[in-house]
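The block underneath contains the structure these notes are about, expressed in structure tokens.
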Amino acid sequence: MNVVLLLNRYRVNKDVNFRNKFEDELAKYLNVKHVFACTNGTNGLHIAMLALEVKTGDEIITHPLYNIATISSILKCGARPVLAKIKEDGAMDVDDVEKKINSNTRGIIAAHIRGSNENLAALQKLKKKHGLFIVEDACQALGSEIRIRNEWKKIGTIGDIGVFSFALQKLITTIEGGLIVTNNNKLAFRINAFVGQGNYESENFILGFNSRMDHLHAAIGLGNLESINFLISERKKRWLKYYDSLKDYTWLRILKPDEDQVTNYMSLIMSVACEKIRPRLTKLLLSKGHVVGFYTKGDELDRKFVNRSVDHELKECVLNFEKDKIELPTHHEVSESDINNIIKCFKCVNDNL
């Protein structure tokens, strides 16, 4: 919906709280008790760690294909990030996660990269077995779902706290913004204090950040939220067109959700089997002006991981995942002509093999 029309509908004045309206609609969409619209996802992850009282000496296990915000939320609390190995589908290796749990481990940040789903059922078992918390970094996964014990739930609402982002490139945007959600009343009290200006009456004095989303950005979010199902369906159409056109190429393997997962189709990710084909294909795509994605975290692990040495097996695991991957865009601004031209590039390479 046009934001100007939305603002006119409610008539901007001191009696209209766009943030509360946005939060109420998101609570309904996600089917979660407590939602807090904040300034951005980075801030949301930091507040999640503070609400869970993460402190110096704690260890938090998370995904190595991270956005720096995930790691910084841990470091800002004085805790130590521990990176888990990943499997071929890009999800954390749950067996490796368990191997890295020790007496200092407080919790796990499950990062749902590109709308894909971590193995939350298995991670929940680890949580129960070892007394941990789970924070879902769902900044790229609004609209994705997972089936646990025959019940479908929205990604970001299953752990103790979930965090979303509404940055420009996300499924829906507020231009800049984020969301923190929880079903835990105690955590909700602490999150509310940190997002706001604090709580000075509680026994445990809490200083807030005044990180609440402003009403203009919330109004933009309200307008875009009305189109969320349409936006997902448009991404799905593009994803399926790529898939139907490319699935029979034996040198490609498209990563797709299993029967217990529904993705928001943020992008299509594939593996290129032959090392010689990938550079040829990517050069052709880029020469035609098509923006495709590559994973490049492996080479950055040593530099970004606060100058600590990174486990050799972990780095090799990440590099093995990244070396053959290509990511194709699915957002609504990718036209049918764009998609047809991208598919032609793949056909050209296939015909010349």
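Just so you know, these numbers come straight off a predicted model, no measurement behind them.
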List the steps, then state whether side-chain hydrogen bond (donor to acceptor under 3.5 Å, both in side chains) holds for His331 with Gln169.
-> CA-CA 9 Å; His331 56 83; Gln169 70 274 26; over 6 Å; no

Derivation and outcome, salt bridge (Lys or Arg N to Asp or Glu O under 4.0 Å), residues Lys100 and Glu59 = CA-CA 10 Å; Lys100 289 176 175 172; Glu59 293 186 0; over 6 Å; no

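A distance of 6.0 Å separates CG of Leu255 from CD1 of Ile269, quoted to the nearest 0.5 Å. How far CG of Leu83 is from NE2 of His63: 10.0 Å, rounded to the nearest 0.5 Å. Note that NZ of Lys55 and CZ of Arg106 are 5.5 Å apart. Values are rounded to the nearest 0.5 Å. From Asp93, atom CG reaches atom CD1 of Ile86 across 9.5 Å, with rounding to the nearest 0.5 Å. Here Leu246 contributes atom CG and Asn350 contributes atom CG; the two are 9.5 Å apart, rounded to the nearest 0.5 Å. Atom CD of Glu25 sits about 8.0 Å away from atom CD of Glu226, to the nearest 0.5 Å.
Ion pair Arg238/Glu234 flagged as a salt bridge, since at least one NZ, NE, NH1 or NH2 atom sits closer than 4.0 Å to an Asp/Glu carboxylate oxygen. Here Glu88 pairs with Lys325 in a salt bridge; the nearest charged N to carboxylate O distance falls below 4.0 Å.
Residues Asn340 and Ser337 bring no donor and acceptor atom of their side chains to less than 3.5 Å of each other. With no hydrogens or angles considered, a side-chain donor-acceptor pair links His34 and Asn185 at under 3.5 Å.
Residues Tyr242 and Pro329 approach most closely at OH-O, 2.9 Å, considering heavy atoms. Scanning both residues, Ala84 and Met92, for their nearest heavy atoms gives CB-SD, 3.9 Å. In terms of heavy atoms, Cys77 sits closest to His46 at SG-CD2, 4.2 Å.
Among Leu268, Asn264, Asp244, the single residue meeting the side chain to side chain contact (heavy atoms under 4.5 Å, CB included) criterion with Trp239 is Leu268. Applying side chain to side chain contact (heavy atoms under 4.5 Å, CB included) to Ile108 and the options Leu123, Thr62, Val82 leaves one that passes, Leu123.
Cluster membership check: Met266 does not share its hydrophobic cluster with Val262, using side-chain heavy-atom separations under 4.5 Å among Ile, Leu, Val, Met, Phe, Trp and Tyr. Residues Leu26 and Trp152 fall into different hydrophobic clusters, defined by Ile, Leu, Val, Met, Phe, Trp and Tyr side chains chained together at heavy-atom separations under 4.5 Å.
Qualifying salt bridge (Lys or Arg N to Asp or Glu O under 4.0 Å) partners for Asp351, counting only residues two or more places apart in sequence or in other chains: Lys347.
A 6.0 Å sphere centred on NZ of Lys125 holds no more than 12 heavy atoms belonging to other residues, nucleotides or ligands.
Inter-residue side-chain proximity for Lys241 and Ile343 is flagged as met; some heavy-atom pair is nearer than 4.5 Å.
Here Leu52 is tied into one hydrophobic group with Phe36, Leu45, Ile47, Met49, Leu50, Val54, Ile60, Ile74, Ile109, Phe133, Val135, Ile161, Val163, Ile180, Leu187, Phe189, Ile191, Phe194, Val195, Ile206, Phe209, each link being a pair of ILVMFWY side chains closer than 4.5 Å.
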